[in-house]
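First comes the structure, then the notes that go with it.
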Amino acid sequence: MVDATPPLIEFRKVSRIYGTGEAEVRALDGVDLQICRGEFVAIMGPSGSGKSTAMNIIGCLDRPSAGDYLFEGTPVQDLSPDALALLRRHYLGFVFQGFNLLPRSSAQENVELPMIYKGLPAAERIARARSALAKVGLDGREHHQPSQLSGGQQQRVAIARALAGDPMVILADEPTGNLDSHRSHEILLLLQELNRKDGITIVMVTHEPDIAAYAKRLVIFTDGKIVKDEPVTAAATETAAEAV
């Protein structure tokens, strides 16, 4: 029997073009991509390859110039701005390369923020925020403001914020870029556990082959196209290292 369940994330001939004429930049060029529920996908490629543009479209922060982006079979480009905001709020968790923390709010308040938009009760928000902060190694730092935390600790707050909202998908752009190797390993093991035990789909952009090795699948972009899409193996990550 054929499984009729649509991919969670699907690109159909997606292009993203900036500028016109001689100034035209084709950031994505007719990309086909499917990501199923429960996958852990690492996206790699050199600067300007299109990987960040693909991530922005997946996260509903940008729209294709041509082609179709479907989330659970629904054409995302047909959604209103309010519907896009709801999709981001209820299904997606973001970890950006920058921390994007509110400077005058505590770590706990920063983690709680997306849950306020979801309308969760205060007691539940606090419990989830504290649990998420503990998972990323910040137990006891709940009331510290970003200026009282190191760069690595601020990034962990951002990761906790993405986890606490119970998203269907975590979109992570260089999630361990400001962490030391020990803490990076802890965070990546946590992402693996969330993927394996909780079934959260994870899409992670990284420049580092050793970080990509924690994923299950590796997608490599070059010049706006996917040039490799394969399971993560030692050979695959070595190829990725050469590509970037």
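Position 1 is the first residue of the sequence, and the numbers go up from there. For the numbers below, each heavy atom of this structure counts, side chains included, while hydrogens, waters and symmetry mates do not.
Put simply, the side chain of Gln192 never gets that close to the backbone of Leu189: no donor and acceptor are under 3.5 Å apart. Checked by atom type and distance alone, the side chain of Lys51 pairs as donor or acceptor with a backbone atom of Gly45 at under 3.5 Å. Using modelled atom types, no side-chain atom of Ser106 and backbone atom of His144 make a donor-acceptor pair closer than 3.5 Å. With hydrogens and angles disregarded, no donor-acceptor distance shorter than 3.5 Å links the side chain of Glu24 to the backbone of Gly21. A distance-only check finds no donor-acceptor pair linking the side chain of Ser131 to the backbone of Ala127 [under 3.5 Å]. Listed for the Arg125 side chain is a donor-acceptor partner under 3.5 Å among the backbone atoms of Leu120. For the pair Asn195 (side chain) and Gly38 (backbone), a donor-acceptor distance under 3.5 Å is present. Here the side chain of Arg89 pairs no donor or acceptor atom with the backbone of Pro114 at under 3.5 angstrom. In terms of modelled atom types and a separation under 3.5 Å, the side chain of Glu193 and the main chain of Leu191 share no donor-acceptor contact. Under the 3.5 Å distance criterion, the side-chain polar atoms of Asp198 are left unmatched by any main-chain donor or acceptor of Ile200.
Looking at Asp32 and Arg12, no side-chain N of the basic residue comes within less than 4.0 Å of a carboxylate O on the acidic one, giving no salt bridge. Between Glu39 and Arg37, no side-chain nitrogen of the basic residue sits less than 4.0 Å from a carboxylate oxygen of the acidic one, so the salt-bridge criterion is not met. Under 4.0 Å is where a charged nitrogen must lie from a carboxylate oxygen, and between Asp68 and Lys13 no such pair does.
Side-chain contact between Phe94 and Ile170: absent, with no pair of heavy atoms (C-beta onward) separated by less than 4.5 Å. At a threshold of 4.5 Å between non-hydrogen side-chain atoms, the residues Arg26 and Tyr18 do not count as touching. You'll find the side chain of Met44 reaches within 4.5 Å of the side chain of Thr206, heavy atoms only. Side-chain atoms of Val203 and Met55, non-hydrogen and from C-beta on, do get closer than 4.5 Å to each other. Leu101 is listed as a side-chain neighbour of Pro146, based on a closest heavy-atom distance under 4.5 Å. In this structure, the side chains of Cys60 and Val76 come closer than 4.5 Å at one or more pairs of heavy atoms. Contact check for Ile211 versus Met204: side-chain heavy atoms found under the 4.5 Å cut-off.
Between Tyr69 and Phe71, the ring planes lie perpendicular to each other; the angle is over 60°, past the 30° to 60° tilted range.
Gln108 and Arg130 are linked by a side-chain donor-acceptor pair at a separation below 3.5 angstrom, with hydrogens and angles left out of the test. A donor atom on one side chain and an acceptor atom on the other are not found under 3.5 Å apart for Arg16 and Thr53.
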task = Under the side-chain contact (heavy atoms from CB on, under 4.5 Å) rule, what do Leu133 and Asp139 come out as? Steps first, then yes or no, please.
result = CA-CA 6 Å; Leu133 287 166; Asp139 193 17; over 6 Å; no
side-chain contact (heavy atoms from CB on, under 4.5 Å) assessment of Glu72 paired with Leu8 = CA-CA 4 Å; Glu72 287 200 306; Leu8 180 60; 3.3 Å; yes
query = Are Leu61 and Arg88 close enough, and set up right, to give a side-chain contact (heavy atoms from CB on, under 4.5 Å), and what steps lead you there?
reply = CA-CA 9 Å; Leu61 302 173; Arg88 287 192 298 267; 3.9 Å; yes
message = One pair to check against side-chain contact (heavy atoms from CB on, under 4.5 Å): Ser105 and Gln145. What are the steps and the verdict?
response = CA-CA 6 Å; Ser105 297; Gln145 292 183 344; over 6 Å; no
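Residues Leu149 and Ile187 share a hydrophobic cluster, clusters being chains of Ile/Leu/Val/Met/Phe/Trp/Tyr side chains in contact below 4.5 Å. Hydrophobic clustering keeps Val95 apart from Leu102 (ILVMFWY residues linked when any side-chain heavy atoms are closer than 4.5 Å, directly or through intermediates). The hydrophobic clustering, which links ILVMFWY residues whose side-chain heavy atoms are closer than 4.5 Å, places Phe96 and Leu171 together. Criterion: ILVMFWY side-chain heavy atoms under 4.5 Å apart, direct or through other members. Under it, Tyr91 and Leu70 are not part of a common hydrophobic cluster. The cluster map of Ile, Leu, Val, Met, Phe, Trp and Tyr, joined by side-chain heavy atoms under 4.5 Å apart, puts Leu86 and Met115 in different clusters.
A pairwise comparison of heavy atoms in Arg156 and Gly137 identifies NH1-O, 3.5 Å as the closest pair.
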